[in-house]
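Labels below follow one simple rule: chain letters A, B, ... track the order of the sequence lines, proteins then strands, and each chain is numbered from 1.
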There are 2 protein chains.
Amino acid sequence: MTAPAARGDRAAVTPATVRDAATTLFAEKGYHGTALSEVAARLRIRTPSLYNHMSSKQELLAEIVLRTSQEVWDEFGAAVDGHDDVVSRLREAARVYALRHATHRREALIVNRDVASVDEPVLSQVLELRRRHERAVRDLIAEGADQGVLVVETPRVASFGVLEMCVSVARWFSPGGPLTAEQVAEQYSEFALRVAGFVSAPS
Amino acid sequence: MTAPAARGDRAAVTPATVRDAATTLFAEKGYHGTALSEVAARLRIRTPSLYNHMSSKQELLAEIVLRTSQEVWDEFGAAVDGHDDVVSRLREAARVYALRHATHRREALIVNRDVASVDEPVLSQVLELRRRHERAVRDLIAEGADQGVLVVETPRVASFGVLEMCVSVARWFSPGGPLTAEQVAEQYSEFALRVAGFVSAPS
DNA sequence: CCTACCGATCGGTAGG
DNA sequence: CCTACCGATCGGTAGG
């Protein structure tokens with residue numbers, strides 16, 4: 001346990017910097033595996049000082065998870081907007097979802113690992129946003145199957161396959177790797193169409 | 001905190017029943033989110049009595065994770081064995097991997113959530129087993145691409161897509177749902193071939 | 001932003 | 001298998 005450094009060595013602490021430090025540590029060690037003393041140490045302050053910028057550890061988690069879930073739903077809407085055909089809508093939905101999981105890896109890992117630790121009433125809000133997103137993608141695939149442009153046995157299974165494949169980008173992608181987040185998202189949007197049974201040259 | 005029930009109300013406690021109770025709770029609440037007192041309560045005994053059947057909480061986690069990782073690698077070997085062509089090998093590899101994640105959901109959730117909490121030297125053994133499995137699947141896809149029976153931009157990306165898609169079955173599959181584990185595994189093995197760019201009727 | 005401190009709970013041990 | 005108990009650590013508060 002080292003003492004905090006002198007004033008000049010540390011940046012200003014704000015609610016945003018506290019949330020950012022918590023995001024890094026929750027992603028790395030999990031919500032229950034992270035002590036607030038570790039969050040404080042990252043910011044070079046003492047644990048009680050954190051309470052000038054947040055109200056509780058639970059609030060930090062709830063904010064991270066709710067904000068992320070809301071952004072996912074908003075991005076989905078923006079992505080499918082302006083595309084009329086179901087294949088383009090599915091492609092864009094998968095692209096933005098995969099892209100987010102490459103560019104917001106920490107938040108994605110927290111949501112997928114610790115969403116069950118979020119207290120009510122936020123938990124219900126988060127689950128509702130997730131359900132809406134899942135439903136929208138499932139409906140997209142079902143619609144494509146009805147139109148005959150997609151070929152799937154079970155839309156529900158295919159939609160889980162597509163969505164969870166995109167989610168998992170957060171688990172292996174590295175910003176320092178050979179591919180950019182955009183390149184990976186592009187490949188994954190192609191994977192999504194393949195899983196959904198899209199054939200560019202129908203027979 | 002209720003007292004343990006009378007003798008006749010509880011089954012015999014053994015190392016296996018302790019591990020099973022821990023598996024259920026670790027999967028549900030995470031390793032750090034689970035107290036040994038909860039494991040004991042599930043077995044209707046007091047916390048110190050657990051130590052007659054295990055040596056530490058960490059040992060429980062290490063056993064679950066190592067055993068599962070070893071089984072994944074063994075199953076992969078058995079699945080590809082006896083198949084000569086790369087497409088059949090990939091199909092069977094994906095099928096058994098998806099099937100395992102539908103039938104061993106608790107263990108899968110623990111491995112994917114808490115593997116980083118496993119202490120050395122077990123952690124290194126686990127990571128080595130995972131690397132071997134990943135490498136074997138990547139090599140399978142690369143080989144198929146070389147032969148021209150699979151079409152992928154980047155074998156590494158496609159192999160992550162395939163593997164992580166199968167992993168995620170553990171996150172949504174329900175044994176009481178409309179599909180059996182075998183039916184889901186069959187669909188996922190088809191998804192895997194689609195992601196890897198297999199076309200049954202080559203042009 | 002800090003020191004001092006709180007009650008609660010944790011994993012684990014002693015010793016039957 | 002239990003009761004009794006340990007030191008350590010947790011999230012959080014008091015009061016500057």
Side-chain angles (χ1 to χ4, degrees), chain A residues 1-26 28-65 110 114 117-119 122, chain B residues 1-26 28-65 110 114 117-119 122:
Chain A
M1 189 69 68
T2 55
R7 258 252 166 117
D9 281 8
R10 67 173 109 112
V13 177
T14 66
T17 62
V18 170
R19 189 166 49 239
D20 184 71
T23 300
T24 297
L25 288 163
F26 289 175
E28 200 175 295
K29 310 156 67 80
Y31 176 67
H32 289 298
T34 301
L36 286 182
S37 60
E38 298 173 288
V39 178
R42 239 188 123 79
L43 296 164
R44 297 175 176 276
I45 59 176
R46 303 292 189 185
T47 307
S49 302
L50 287 174
Y51 288 84
N52 292 310
H53 309 288
M54 54 142 207
S55 64
S56 71
K57 189 189 182 188
Q58 170 65 215
E59 183 212 49
L60 279 176
L61 176 66
E63 269 186 28
I64 294 165
V65 173
I110 294 167
D114 290 317
S117 297
V118 175
D119 288 347
V122 175
Chain B
M1 188 71 69
T2 55
R7 257 248 166 124
D9 281 9
R10 69 173 106 110
V13 176
T14 65
T17 62
V18 171
R19 188 166 50 239
D20 185 70
T23 300
T24 297
L25 288 163
F26 289 175
E28 200 174 296
K29 309 157 68 79
Y31 176 67
H32 289 297
T34 302
L36 286 182
S37 60
E38 298 174 287
V39 178
R42 239 189 123 78
L43 298 164
R44 296 173 175 277
I45 60 176
R46 302 293 188 185
T47 307
S49 303
L50 287 173
Y51 288 84
N52 292 310
H53 309 288
M54 55 144 209
S55 65
S56 71
K57 188 188 183 189
Q58 170 65 216
E59 184 213 48
L60 279 176
L61 177 66
E63 270 186 28
I64 294 165
V65 173
I110 295 167
D114 290 316
S117 297
V118 174
D119 288 346
V122 175

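Per the geometry, NZ belonging to A:Lys57 stands 9 Å off P belonging to D:dC10, to the nearest Å. Regarding A:Lys29, its NZ atom lies at a distance of 13 Å from the C1' atom of D:dT9, rounded to whole Å. Across the protein-nucleic acid pair, A:Leu60 atom CG and D:dG11 atom P stand 11 Å apart, rounded to whole Å. Counting to the nearest Å, the C1' atom of D:dA8 and the NE2 atom of B:His32 are 16 Å from each other. In this structure, B:Leu43 places its CG atom 13 Å from C1' of D:dC1, rounding to the nearest Å. As rounded to whole Å, 10 Å separates atom P of C:dG12 from atom CG of B:Leu50.
Summarising the base pairing, C:dG15 is matched to D:dC2 through a Watson-Crick or G-U wobble pair whose two defining distances lie under 3.5 Å. Base pairing analysis places D:dT9 opposite C:dA8; the two distances defining the Watson-Crick or G-U wobble pair are each below 3.5 Å.
With hydrogens and angles ignored, the 3.5 Å screen pairs a side-chain donor or acceptor of B:Gln58 with a backbone N or O of B:Asp119.
Note on B:Ser55: nothing from the nucleic acid sits closer than 4.0 angstrom, heavy atoms only. Counting non-hydrogen atoms under 4.0 angstrom, B:Thr47 reaches nothing in the nucleic acid.
Inter-residue side-chain proximity for A:Leu50 and A:Leu36 is flagged as met; some heavy-atom pair is nearer than 4.5 Å. Using a 4.5 Å heavy-atom cutoff, the side chains of A:Leu61 and A:Ile64 are not in contact. Using a 4.5 Å heavy-atom threshold, the side chains of A:Lys57 and A:Tyr31 count as touching. Contact annotation: the side chain of A:Leu43 approaches that of A:Val18 to within less than 4.5 Å [non-hydrogen atoms, C-beta and beyond].
Among the nucleotides D:dC1, C:dG12, D:dG12, the one closest to the side chain of B:Ile45 is D:dC1. Of the candidates C:dC1, D:dC1, D:dG11, C:dC1 carries the atom nearest the A:Val13 side chain, counting heavy atoms from C-beta on. The nucleotide whose nearest atom lies closest to any side-chain atom of A:Ala35 is, among C:dC1, D:dC10, C:dT13, D:dC10. Side chain of A:Ser37, nearest nucleotide from C:dC2, D:dC10, C:dT13: D:dC10. Each of D:dA14, C:dG12, D:dG11 was ranked by its minimum atom distance to the side chain of B:Tyr51; first place goes to C:dG12. With C:dC1, D:dA14, C:dT13 as the candidates, the nucleotide lying closest to the side chain of A:Asn52 is C:dC1. If you check D:dG12, C:dC1, C:dG12 against the side chain of A:Leu36, the one that comes closest is D:dG12.
The shortest distance between the side-chain N/O atoms of A:His53 and the OP1/OP2 oxygens of C:dC1 is below 4.0 Å. Between A:Arg46 and C:dC1 there is no side-chain polar atom (N or O) within less than 4.0 angstrom of OP1 or OP2.
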